[in-house]
A.B. asks: 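Have a look at this one.
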Amino acid sequence: QGLLVQSGGGSVQAGGSLTLSCAASGYLEKMKYKNNCLAWFRQAPGKGREEVAGVYVGAGNPYIADSVKGRFTMSHDVAENTVYLQMNNLKPEDTAMYYCAADPRSTRYDCYSGSPSLFGYWGQGTQVTVSS
């Protein structure tokens, strides 16, 4: 069984910062190796799930969506098999439920495609609320 366990999140005023983390375990121990994909998605009320960042292990810098570029960064601690989403200069429109996701044996194209259906493993979600 593969698990993704998230932590972090919460409420912050506009301009503030938050860090999310997501630890992979069990079957997903393999996510530390090449050709696997770990990603962050978010879903605001009444909207679809949006990929905001993704890392294709072994392929260089993570993908960052245009909507958060320059404010969000994603990092991958391979030894701990944990990914982080550092969110700076948060805006009210960043308010959403944030999820980490894993796609074992992915392709780089699929990893950055933004398609939630390609990801078979999901964290429990964590709420981020940004007030103006």
Side-chain angles (χ1 to χ4, degrees):
Q1 182 180 2
L3 290 175
L4 295 172
V5 179
Q6 296 179 222
S7 61
S11 298
V12 67
Q13 288 191 323
S17 298
L18 288 171
T19 303
L20 307 181
S21 65
C22 174
S25 63
Y27 171 75
L28 296 177
E29 279 291 326
K30 68 188 299 181
M31 300 306 293
K32 63 180 69 175
Y33 301 112
K34 290 182 179 180
N35 303 330
N36 293 296
C37 175
L38 289 159
W40 287 100
F41 284 78
R42 67 183 180 185
Q43 188 165 19
K47 295 189 177 181
R49 202 163 284 194
E50 174 195 14
E51 183 176 14
V52 296
V55 61
Y56 189 61
V57 182
N61 293 330
Y63 156 82
I64 302 294
D66 288 343
S67 58
V68 301
K69 195 167 289 183
R71 300 188 298 118
F72 289 15
T73 57
M74 181 177 182
S75 59
H76 181 205
D77 185 330
V78 176
E80 296 295 324
N81 211 13
T82 299
V83 290
Y84 300 90
L85 186 68
Q86 176 66 42
M87 304 181 292
N88 297 327
N89 191 22
L90 282 159
K91 303 176 180 180
E93 53 263 42
D94 295 318
T95 295
M97 186 72 78
Y98 284 71
Y99 299 91
C100 66
D103 179 18
R105 294 178 294 175
S106 179
T107 66
R108 188 171 184 173
Y109 178 83
D110 286 349
C111 187
Y112 303 156
S113 70
S115 178
S117 63
L118 297 175
F119 291 80
Y121 297 87
W122 292 87
Q124 78 274 21
T126 186
Q127 179 67 37
V128 171
T129 302
V130 185
S131 58
S132 57

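Start at 1 with the first residue, then count along the sequence.
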A.B. asks: Taking the six-membered ring for Trp, are Tyr99 and Phe119 closer than 6.0 Å centroid to centroid?
C.D. replies: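 Ring-ring flag for Tyr99/Phe119: false, centres at least 6.0 Å apart.
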A.B. asks: Starting from Leu18, can I reach Tyr98 by hopping between I/L/V/M/F/W/Y residues whose side chains sit under 4.5 Å apart?
C.D. replies: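 Yes, it is one cluster - the side chains of Tyr98 and Leu18 are joined through contacts under 4.5 Å.
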A.B. asks: Are Lys69 and Asp66 within salt-bridge range, i.e. N to O under 4.0 Å?
C.D. replies: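 Yes, charged N to carboxylate O under 4.0 Å.
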A.B. asks: Looking at every heavy atom in both Pro104 and Tyr27, which two are closest together, and how far apart are they?
C.D. replies: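 Closest approach of Pro104 to Tyr27: CG-CE2, 4.1 Å.
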A.B. asks: Consider only side-chain heavy atoms of I, L, V, M, F, W and Y, link residues closer than 4.5 Å, and tell whether Leu118 and Phe41 are in one cluster.
C.D. replies: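 As far as the 4.5 Å side-chain criterion goes, Phe41 and Leu118 are connected within one cluster.
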A.B. asks: With a cut-off of 6.0 Å (strictly less than), are more than 12 heavy atoms of other residues, nucleotides or ligands near OH of Tyr33?
C.D. replies: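 No.
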A.B. asks: Heavy atoms only: give me the nearest Ser17-Gln86 pair and the separation to one decimal.
C.D. replies: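 Closest heavy-atom pair between Ser17 and Gln86: CB-NE2, 4.0 Å.
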A.B. asks: Is Phe72 reachable from Val55 through a run of I, L, V, M, F, W or Y residues, each pair having side-chain heavy atoms under 4.5 Å apart?
C.D. replies: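 In one cluster: yes.
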A.B. asks: Just do the side chain to side chain donor-acceptor pair (under 3.5 Å) check on Gln13 and Ser131 with the steps written out, would you?
C.D. replies: CA-CA 5 Å; Gln13 288 191 323; Ser131 58; 4.8 Å; no
A.B. asks: Check for me, please, whether Trp122 and Met97 land in the same ILVMFWY cluster - side-chain distances under 4.5 Å, paths through other members count.
C.D. replies: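 Same hydrophobic cluster.
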A.B. asks: So which atom in Tyr121 and which in Leu4 form the shortest heavy-atom distance, rounded to 0.1 Å?
C.D. replies: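 Taking every non-hydrogen atom into account, O-CD1, 3.5 Å.
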A.B. asks: What is the minimum heavy-atom distance between Met74 and Leu38, and which atoms define it?
C.D. replies: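 Closest approach of Met74 to Leu38, heavy atoms only: CE-O, 3.3 Å.
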A.B. asks: Could you tell me which non-hydrogen atom of Asn81 sits nearest to which non-hydrogen atom of Leu28, and how far apart they are?
C.D. replies: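 That would be ND2-O, 3.0 Å.
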A.B. asks: Under the criterion side chain to side chain donor-acceptor pair (under 3.5 Å), I'd like the reasoning laid out for Tyr56 against Asn36: C-alpha separation, chi angles, the key distance, then a yes or no.
C.D. replies: CA-CA 6 Å; Tyr56 189 61; Asn36 293 296; over 6 Å; no
